[in-house]
Amino acid sequence: MTTPAHAHEFESHRPRLFGLAYRMLGSAADAEDAVQDAYLRFSGTDRTAVEQPAAWLAKVVTNLCLNRLTSARARREQYPGTWLPEPVTTYGGTLGPLESAEQRDAVSMALLVLLERLTPTERAVYVLREAFAYGHREIAAVLDLSEANCRQLYRRAARRVTAPEGRFETTPERQEELVTSFLAAARDGDMAGLEKLLTVDATWWSDGGGKVSAALRPIEGRDKVVRFLAGGRERFAAGLDYTVAEINGATALVAWAGDTLVGIVAFEVRDGLIAHMRAVLNPDKLKFAGRRLTRS
């Protein structure tokens, strides 16, 4: 039976466990479910058998996520249009401290998309090593693998996850400046202004999940992105209000219809310009962020 002390002990680990599960799954909803399942296991376990709760819980959550990833991959193969990770607010320690550019990059939408290239086990090794600074011996204990195997899996994962170009160079202030300038130009239909903000190879992805209207394929190249945005000017100018917020460690554009969150656009910046834009419009993927954001 769970006592208040045991419940309090678990809650002290919850943010870290959620951060682990989210990086593993790319879904806040699935991460919350995994953490809740871990709580149920923790509450039903003899405490004398748990010498190190933090390590025990990390192992449980990692293995719960590995089980979920297999079915998640199958669902994503049938996903209508582009699949993007579920956006999360990252101020207030939702995914742990983000005090450095490296820590912010580790939860970026761009990196989470790249992690989709990995097998479930490669992803677990990479996340534990990169995001939580686990040693290979600790990772081996979590995954019940040999240390040598974990080293090999990490090297393979690191090769497959190519680092986004030009990361770590843009200040939060410059990010916010770019996002607000982007919104102003899009609202005004200022094609020349948009062109100045985007890299030549800029790309726009939309994730509507078959629930709302969204581009089913990436819009690739600055000229095509500008025409796409100019053609949809009314979506920026009429009926919606916009705020900016820290989403996945960077400044993002948040769209509101009244008090309802209807979209989040994450921006990837390279060489001081906007390189990639990822618009999450699927209402199911906006629930977690919607509970934490306000139209202020």
Side-chain angles (χ1 to χ4, degrees), residues 18-34 61-88 90 94-95 102-132 139 143 150 152-165 167 201-211 214-220 247-250 252 264-270 275-282 284-286 288-289:
F18 176 79
L20 170 59
Y22 174 72
R23 290 170 173 89
M24 284 286 295
L25 300 171
S27 165
D30 289 346
E32 287 185 310
D33 288 345
V61 167
T62 299
N63 283 286
L64 286 168
C65 290
L66 287 172
N67 292 336
R68 281 173 165 77
L69 273 175
T70 301
S71 59
R73 291 290 172 87
R75 293 196 305 272
R76 289 168 194 175
E77 289 177 0
Q78 304 299 320
Y79 196 80
T82 298
W83 178 90
L84 292 175
E86 189 174 337
V88 299
T90 44
T94 305
L95 295 178
E102 291 83 356
Q103 288 174 327
R104 290 192 297 274
D105 183 75
V107 296
S108 69
M109 295 282 279
L111 184 61
L112 289 171
V113 169
L114 289 174
L115 290 179
E116 290 295 304
R117 300 177 180 181
L118 306 180
T119 67
T121 306
E122 286 172 346
R123 186 164 182 161
V125 170
Y126 188 86
V127 167
L128 289 168
R129 180 70 174 169
E130 289 291 312
F132 295 93
I139 296 172
L143 298 174
C150 288
Q152 183 181 36
L153 287 166
Y154 173 74
R155 287 194 296 268
R156 187 186 307 158
R159 284 196 301 268
R160 297 180 68 186
V161 179
T162 304
E165 298 177 12
R167 65 186 189 178
D201 60 346
T203 306
W204 175 282
W205 288 272
S206 301
D207 179 346
K211 304 291 182 69
L216 295 178
R217 295 181 178 85
I219 312 298
E220 299 178 313
I247 302 291
N248 289 78
I264 291 176
V265 183
F267 296 83
E268 186 179 341
V269 176
R270 187 178 74 230
H276 303 300
M277 295 139 282
R278 296 178 173 88
V280 179
L281 309 174
N282 183 342
D284 293 340
K285 291 189 175 183
L286 297 172
F288 182 87

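The first residue of the sequence shown is numbered 1, and numbering continues consecutively from there.
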With rounding to the nearest 0.5 Å, note down the distance linking [atom1] in [X] to [atom2] in [Y].
X    : Y    : atom1 : atom2 : result
E86  : L112 : CD    : CG    : 11.0 Å
S108 : L114 : OG    : CG    : 7.5 Å
L143 : L66  : CG    : CG    : 6.5 Å
L20  : L25  : CG    : CG    : 8.5 Å
T119 : L153 : OG1   : CG    : 6.5 Å
D30  : S71  : CG    : OG    : 8.0 Å

Identify the two heavy atoms, one from [X] and one from [Y], that lie closest to each other, and give their separation to 0.1 Å.
X    : Y    : answer
A252 : I264 : CB-CG2, 4.2 Å
T90  : G249 : OG1-N, 2.8 Å
P120 : M24  : O-CE, 4.3 Å
W205 : P218 : NE1-CG, 3.4 Å
M109 : A266 : CG-CB, 3.7 Å
S206 : A214 : CB-CB, 3.7 Å

Examine distances only and state if a side-chain atom of [X] and a backbone atom of [Y] form a donor-acceptor pair shorter than 3.5 Å.
X    : Y    : value
N282 : D207 : no
K285 : A28  : no
Q78  : R75  : no
R23  : G19  : yes

Exercise. What do you reckon, are the aromatic ring centroids of F288 and Y22 less than 6.0 Å apart?
Worked result: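 Between Y22 and F288, which both carry aromatic rings, the centre distance is not below 6.0 Å.
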For this session: Could you give me the CA-CA distance, side-chain angles and deciding distance for H276 and F267, then say whether side chain to side chain contact (heavy atoms under 4.5 Å, CB included) is met?
Result: CA-CA 6 Å; H276 303 300; F267 296 83; over 6 Å; no
Problem set entry | Non-neighbouring partners of D201 that pass side-chain hydrogen bond (donor to acceptor under 3.5 Å, both in side chains), sequence neighbours left out | T199, R270
Exercise. With E116, which residues qualify under side-chain contact (heavy atoms from CB on, under 4.5 Å), at least two apart?
Worked result: R73, R76, W83, R123
Exercise. Any chance the side chains of T203 and E220 put a donor and an acceptor closer than 3.5 Å?
Worked result: no
Taking side chain as C-beta onward, heavy atoms only, is [X] less than 4.5 Å from [Y]?
X    : Y    : answer
R217 : T82  : no
E268 : R278 : yes
E130 : V125 : no

For this session: Quick one: do L115 and R160 satisfy side chain to side chain contact (heavy atoms under 4.5 Å, CB included)? Show the steps, please.
Result: CA-CA 9 Å; L115 290 179; R160 297 180 68 186; over 6 Å; no
For this session: Taking salt bridge (Lys or Arg N to Asp or Glu O under 4.0 Å) as the test, write out the residues that go with R117, two or more places apart.
Result: none
